[in-house]
Amino acid sequence: MKNKLKIGIVCYPTYGGSGVVATELGIALSEQGHEVHFISYDQPFRLDLFSEKIYYHEVAVPDYPLFEYAPYELNLTSKLVDVAMHEKLNILHVHYAIPHASAAVNAKQILATYGIELPIVTTLHGTDITLLGKDKSFKPVIEYAINMSDAVTVVSEALRKETLDYFNVKREIKTVPNFIDMSLYQQKVDHKLRSNFAKEEEFLITHISNFRKVKRVKDVVKIFEKVNKEIPSKLLMIGDGPERIKAEELCRKLGLVKKVKFLGKLRIIEKMLAISDVFVLPSETESFGLVALEAMASNTAIISTNSGGISEVNIEGRTGLLSNVGDVDKMAKDTILLLKNSELLKRFKSNALAHAKSFALKNVLPKYNTIYQSLCHAKKKK
Ligand code: GMT
């Protein structure tokens, strides 16, 4: 690309798709020669790469007894102003509406008082719109942040529609789908690793999430119980969060403790996905379902719900099978169908891998580059 930019990236550092996308985007941009400044309250969990083009600025939140609630958004805003001024950022790309886009819009206005213009790109990831956005107490702030950003992107067509339906949006919203760095994913089964979890004749079913309510992790256990009655299999539950305890209780109640392994948060999931036969994602809603794409890139077939943007990733009858939210009977039947028919499973797995390749980083990165360059160009012309 033409001009090398100084790009600020704001994201949540925790175990979640938006942080993963933002981190991998920043790393890829730095590899193209741009200078990338990550700004967050903790080091993003996949940012373990050291490069002279990558910087990390931590937002500290002092604990003043005066405040009942720490004003993180204000600390973030001040940090954005400081980094933009002193590092001479050309552009700020914020992931998630609250508080990142709203802090960025405030920072932009403060910078303007110093005669500095900083274009803001906001990427909406889903829960900021589908869950938080529907909370009336946040709606005006989210709407304002969207309308005051210089460019807004969403990660799927479904999220674009939902955003336009729910908010009074006065600007163009572009769909830039999430992407995958195919070089990180392997499709080779590590048999030694696999043997730690399942016997050779057993199938391996996997679920990965942050175990929030929206992920419906109890449905994963219910589906597995039905599958396991017919097919020798094991279930791996990867990740952690508020609903884990309920899923564990259900396993105890159903007598599945020896068949379901809860592994907690794992940093490296590629090897685990590569040893899996089927990945289960029964979410209530999912703007995209990055983890399903990661599973597909690891040659795994997907059983999922059809809600939100999942059907843009998991293609019905090709890469996996989709059901209505909560229809555990159908999701179990679909899993059994795939596991009983080795030719079908093989076909779905290879279709999944092929479809994942269409989301390769090299296809998506130019879309963000074009947005950055056009905003910087428009700024120069002023
Ligand atoms: O799903 C979560 O709980 C985490 C959330 C996030 O903000 O990281 O994920 C959202 O963004 C991901 C990356 O764009 C998408 O792949 C997820 O589908 C989306 N989650 C929901 O819409 C529930």
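First listed ligand is number 1; within each ligand, the first listed atom is number 1.
Atoms of ligand 1 found under 4.0 Å from any heavy atom of N210 (numbered from 1 in listed order, with element): 2 (C), 3 (O), 4 (C). Each of the following atoms of ligand 1 lies closer than 4.0 Å to a heavy atom of E286: 1 (O), 17 (C), 18 (O), 19 (C), 20 (N), 21 (C), 22 (O), 23 (C). Using a 4.0 Å cut-off to heavy atoms of G289, the atoms of ligand 1 that qualify are 15 (C), 16 (O), 17 (C), 18 (O). Near N178, meaning under 4.0 Å from one of its heavy atoms, ligand 1 places the atoms 13 (C), 14 (O), 16 (O). Residue V155 approaches ligand 1 through these ligand atoms, each under 4.0 Å from one of its heavy atoms: 14 (O).
Taking the six-membered ring where the residue is Trp, F359 and H355 present perpendicular rings, their angle passing 60° and hence far from 30°. Relative ring orientation between Y96 and Y12 is described as perpendicular, the plane-to-plane angle rising above 60° on a 0-90° scale split at 30° and 60°.
Within the structure, salt bridge (Lys or Arg N to Asp or Glu O under 4.0 Å) contacts touching residues 85-114 (residues at least two apart or in different chains) are K108-D150.
A donor and an acceptor atom, one from each side chain of E202 and S233, are nowhere located under 3.5 Å apart. At a cut-off of 3.5 Å, with distance as the only test, a side-chain donor of N369 or Q32 sits close to an acceptor on the other residue.
Under a cutoff of 6.0 Å and an axis angle of 45°, K139 and Y166 form a cation-pi pair.
Considering backbone and side-chain N/O of L290, one or more are found under 3.5 Å from N/O of ligand 1. Between G19 and ligand 1, no pair of N/O atoms sits closer than 3.5 Å. Between Y96 and ligand 1, not a single N/O pair is under 3.5 Å apart. Remark: ligand 1 and V21 share no N or O pair separated by less than 3.5 Å (distance only, no angle test).
Among V291, V154, T285, the residue whose heavy atom lies closest to atom 23 (C) of ligand 1 is T285. Selection from G17, S287, G126 by nearest heavy atom to atom 15 (C) of ligand 1 gives S287.
Under the 4.5 Å side-chain criterion, counting only non-hydrogen atoms from C-beta, M237 is in contact with V260.
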Below 3.5 Å, can you tabulate the donor-acceptor pairs from side chains in residues 245-253 to any protein atom, sequence neighbours excluded?
from	atom 1	to	atom 2	distance (Å)
K246	NZ	E243	OE2	3.1
E248	OE2	R244	NE	3.4
E248	OE2	R244	NH2	3.4

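Assignment of K215 to the shell around ligand 1 is supported, since a heavy atom sits closer than 4.0 Å.
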